[in-house]
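Below: one structure, written as structure tokens.
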Protein chains: 2
Amino acid sequence: MSAPTATAPFTGLSALLDDVGRDVAEIDVRPPSGETAVFGHDAGTAPRHGSPLADGPAVAFPTTVAEVQRLVRLAARHGVSVVPRGAGSGLSGGAVATSDQLVVSTERLNRIVEISPADEVAVVEPGVLNAALNDRLAPLGLFYAPDPASWRISTIGGNIATNAGGLRCAKYGVTRESVLALDVVLADGSLVSVGHRSIKGVTGLDLVSLFVGSEGVLGIVVGATVRIRPLPVARRTVTAFFDSTAAGAAAIGAITASRVRPSVIEFLDQPTLEGIDAAQRSGLRARGAALLLIELDGFGIDEQTAELTAALEAAGARVRVESDTDAEVLWELRRSGRRFDEGSWYAGGDIAVPKSRIAEIFASFPTIEARHGVALSAVAHAGDGNLHPVVTLPIPAGADPAVVPAALHDAADDLVRAALAVGGTVSGEHGIGTVKRALAAEELAARVRSAQFAVKDALDPSGLFNPGKAL
Amino acid sequence: MSAPTATAPFTGLSALLDDVGRDVAEIDVRPPSGETAVFGHDAGTAPRHGSPLADGPAVAFPTTVAEVQRLVRLAARHGVSVVPRGAGSGLSGGAVATSDQLVVSTERLNRIVEISPADEVAVVEPGVLNAALNDRLAPLGLFYAPDPASWRISTIGGNIATNAGGLRCAKYGVTRESVLALDVVLADGSLVSVGHRSIKGVTGLDLVSLFVGSEGVLGIVVGATVRIRPLPVARRTVTAFFDSTAAGAAAIGAITASRVRPSVIEFLDQPTLEGIDAAQRSGLRARGAALLLIELDGFGIDEQTAELTAALEAAGARVRVESDTDAEVLWELRRSGRRFDEGSWYAGGDIAVPKSRIAEIFASFPTIEARHGVALSAVAHAGDGNLHPVVTLPIPAGADPAVVPAALHDAADDLVRAALAVGGTVSGEHGIGTVKRALAAEELAARVRSAQFAVKDALDPSGLFNPGKAL
């Protein structure tokens, strides 16, 4: 515990830090300072282009559930709002905090408590990295299915807070489908255990699902029982290249019409392939103008491959079963291949649409590009209708990089409206946070929003947790 | 609309029926009478052994969402509580209603609004039977996965209200995993649409999951967008017979330890096999003292069969791949084979436990039988740890069948406590209703219950919907 300093300007927070120092000095708590500034942002809201950072929030690093409870009770007593934080890898501002707030970091609550192959569950603390859990499971022939692109750096707790998606969701479900039970510290500091150590269980309202995806506005997840599965007996990567983005997008429906359900279906449009080639000196564009990068898994991998290949070839694709070596390269290119350099402004998106409307979204790009003078591209998790469009604009010589033109965000907003127009949603997997609250208000009816606020108020009547987020 | 009669003794309900007759006479509403008595109970709480029925509730049969809204608003105005009802096939009293209440039946809201193979969704009204949806999907090569044993007679809306399970849940998930979006009439009569027409979507709190399994205490589901899937390319039934219940229960772990995940794993103990044989003149017991009745599906059915067979044989089973004809007979025996005649009292259970503890539950039967002088048997959905124990006791000559001995329910309660003792739950898939509220209170901590009530109050502050159920 560092002593509070004069830089803590808010009475409530100063008093809270005094109390922590006196009563629970074993908890590591940092007062607001320039050094905690990094805890004021997440990966989606960190200032770019060298903007100076303001003082950050106070940050606590509890190592036990009891410490989390103590912190929450003290914060409640002093009227200091609490911002739960995992790895800070979120993209929607869900962990943004100001210098009058207390961030409760879960990074030292990082124990894998139990792995039970017989019950097909793992019990973890929230700060366990997604990758760390899978590293422990793999030698046992098991895996934890939710695989957000951030899986190497994001925590299970953060994944739960955002109901994180990923690549494998169409087959294995989003995070919610893998969470069986939770321990949660509520706004009064009490600890509740909800859910079951079995797939089934219907005792009262489903509070587990309510906490999953609640972005820290209802409580702090301090423990989770998650579902684990046997690793597939086989995995195979299949590529399908097309002569145009439109042809590739149209072919997604051919997979749906088949009986094959790949574990992963990633669609990369022409600018994405060109961007990856430019950054990585790869040669994807030479093979086509759009790519469906597909992973099959499970039993009958040859049968699956044959049916998938037939469906894709009928849709005009050039199909190849990739070697394990080539497959590894392709997936690495997909995950981290494209780079957005300092020479451009960019804005990312996270819309989801009904599967059959994916092609329409790609078809809307030229109009939006022309309207705002920007460039658009997207990768889609095609199996579940989730697109990640990127809006880019070169920074002209002499322009201040910190002054982002409105065109960038206007184009991103137009994409969201294009998604809403076809029955889609503002956020497929990143969450609302601070960044998408206005757009969420366009998606949700007033009565739905009021119902969400009523539930929030029911569990956190004084608005202690993560105010101004998600809702 | 029938006119209210003198048999409606409660001022609020009489006034409500007057208003309906005057303002919305197109809605078919029956006042309380002996003829509505059947709407006062569900399949789990209907009086047995010829008990006389008291007057039932008032019952409305709206045919449109707007009519549901009108009914709810009128009920709220007159302080009459509303009991939503599907097919009445529930087993926990979730649809029980008294003569001062208004039952809103969804049976005439039974349209299949849309089937979209391209989006892999169906849009249905709540009164659509589970079987009716699957009858429409099958010719398209599609199916709706949740398969409660009541699927021929239960509605999708009722399945949603109870988060119904079934046989295929370990592979395909419970009802919640197949519900993407809902239209719900809230306690103020407003209609809200929550959720998305895509697998992903994280815009605010997950109210869809909150309504699923809420047993009608938060609102009336009037529309649902559910996930549909391609029918498996192959299905195969495998039987594994064992020399004892204990040997069979122990072998469940051998499937878990393999890489095969059957679509269905039903475990039938020795008394269940004997009961089926007695009722159906089948010959199951001659093949063994316990049975794992397994369905595999999907690609690579031969590979799956080989791996499963090896795992089961190593666990001491006599394994056979059944012909399609024999398989059909076996599944019919499983679903409806055992009969409980009028000569016995019986009580059914619905506990769920961690998969690895199933054998312990079966092992606890002799002690509980000896303690209460009853007979116990159970079928288990072994893939997800859900057991349906049955407690039976012959009715002695001259005894009043309507006076059920306490031993019956005491034994059932002991089974629930045995489940709780190994980390299980009071109800795997039937719900709490009126029947299991006391036991649910044993499972859930006081703070969890208060959180559930707070959420209930947030969405239904005057307690309009289904009072005294679920929570």
Side-chain angles (χ1 to χ4, degrees), chain A residues 118-120 162-163 165 169-170 173-174 177 190 192 194 196-207 209-210 213-214 230 233 253 256 259 299-300 303-304 352-356 384-386 423 425-429 431-432 440 443-445 447-448 451-452 454-455 457-459 470-471, chain B residues 118-120 162-163 165 169-170 173-174 177 190 192 194 196-207 209-210 213-214 230 233 253 256 259 299-300 303-304 352-356 384-386 423 425-429 431-432 440 443-445 447-448 451-452 454-455 457-459 470-471:
Chain A
D119 285 337
E120 293 190 271
T162 55
N163 189 17
C169 300
V174 294
E177 271 82 67
S190 58
V192 293
V194 293
H196 312 92
R197 195 182 161 104
S198 54
I199 291 168
K200 287 182 182 167
V202 289
T203 310
L205 300 177
D206 182 1
L207 298 183
S209 295
L210 187 62
S214 64
V233 295
T256 306
R259 298 174 302 177
F299 288 94
E303 296 168 39
Q304 292 186 54
V353 297
K355 288 172 70 167
S356 67
D384 53 41
N386 184 202
T425 178
V426 165
S427 179
E429 59 186 12
I432 300 303
E443 175 179 339
L444 301 177
R447 187 65 185 90
V448 174
Q452 295 199 352
V455 172
D457 291 345
L459 294 181
L471 307 181
Chain B
D119 285 337
E120 292 189 274
T162 54
N163 189 19
C169 301
V174 293
E177 272 81 68
S190 58
V192 293
V194 294
H196 311 93
R197 196 183 161 103
S198 54
I199 291 169
K200 286 181 182 170
V202 289
T203 309
L205 300 178
D206 182 1
L207 297 184
S209 295
L210 187 62
S214 65
V233 295
T256 306
R259 298 174 301 178
F299 288 94
E303 296 167 40
Q304 292 187 55
V353 298
K355 289 173 68 168
S356 67
D384 53 42
N386 184 202
T425 178
V426 165
S427 179
E429 58 187 13
I432 300 304
E443 175 179 339
L444 302 176
R447 187 65 185 90
V448 173
Q452 295 198 353
V455 171
D457 291 345
L459 293 181
L471 305 182

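Order of the sequence lines fixes the chain letters, A, B, ..., with proteins taken first and strands second; residue numbering starts at 1 for each chain.
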Heaviest contributor of heavy-atom pairs below 4.5 Å to chain B, chosen from A:V194, A:L471, A:L444, A:I199, is A:I199
If one checks every heavy atom of A:S214 against chain B at 4.5 Å, the contacting part turns out to be both
Okay, B:E120 and chain A: the region with an atom under 4.5 Å from a heavy atom over there is side chain
Taking every heavy atom of B:T203 against every heavy atom of A:S427, the minimum-distance pair comes out as OG1-N, 3.9 Å
Counting heavy-atom pairs under 4.5 angstrom with chain B, the leader among A:G385, A:G204, A:A440, A:P354 is A:P354
### Task
Look at the side chain of A:D119 and the backbone N and O of B:K355, then say whether any donor-acceptor pair between them is shorter than 3.5 Å.
yes
With chain A, the option among B:V353, B:V426, B:V233 that has the most non-hydrogen atom pairs under 4.5 Å is B:V233
Applying a strict 4.5 Å limit to non-hydrogen atoms, the region of B:V174 in contact with chain A is side chain
The interface call for B:V455 against chain A, heavy-atom contacts under 4.5 Å, is both
Side chains of B:I432 and A:V202, heavy atoms from C-beta outward: is any pair under 4.5 Å?
no
A:A352 and B:S198 have their tightest heavy-atom pair at CB-OG, 3.9 Å
The interface call for B:A445 against chain A, heavy-atom contacts under 4.5 Å, is neither
Answer key: most heavy-atom pairs under 4.5 Å with chain A among B:P230, B:G431, B:G423 is B:P230
Of B:N386, B:L210, B:D457, the largest count of non-hydrogen pairs under 4.5 angstrom with chain A goes to B:N386
Looking only at B:A454, B:A458, B:G428, B:G173, the option with the highest number of non-hydrogen pairs under 4.5 Å against chain A is B:G428
Whatever's closer than 4.5 Å to a heavy atom in chain A on B:E303 counts as both
query = Within the side chain of B:Q452, is there an N or O that forms a donor-acceptor pair under 3.5 Å with the backbone of A:L205?
reply = yes
In terms of heavy-atom contacts, A:V192 and B:V448 come closest through CB-CG2, 3.8 Å
Answer key: most heavy-atom pairs under 4.5 Å with chain A among B:H196, B:E443, B:R447 is B:R447
Honestly, the part of A:Q304 sitting under 4.5 Å from a heavy atom of chain B is both
Partner of A:K200 under side chain to side chain donor-acceptor pair (under 3.5 Å), picked from B:T425, B:D384, B:N163, is B:D384
Between B:L459 and A:A451, the two heavy atoms sitting closest are CD2-CB, 3.8 Å
Honestly, the part of B:S190 sitting under 4.5 Å from a heavy atom of chain A is side chain
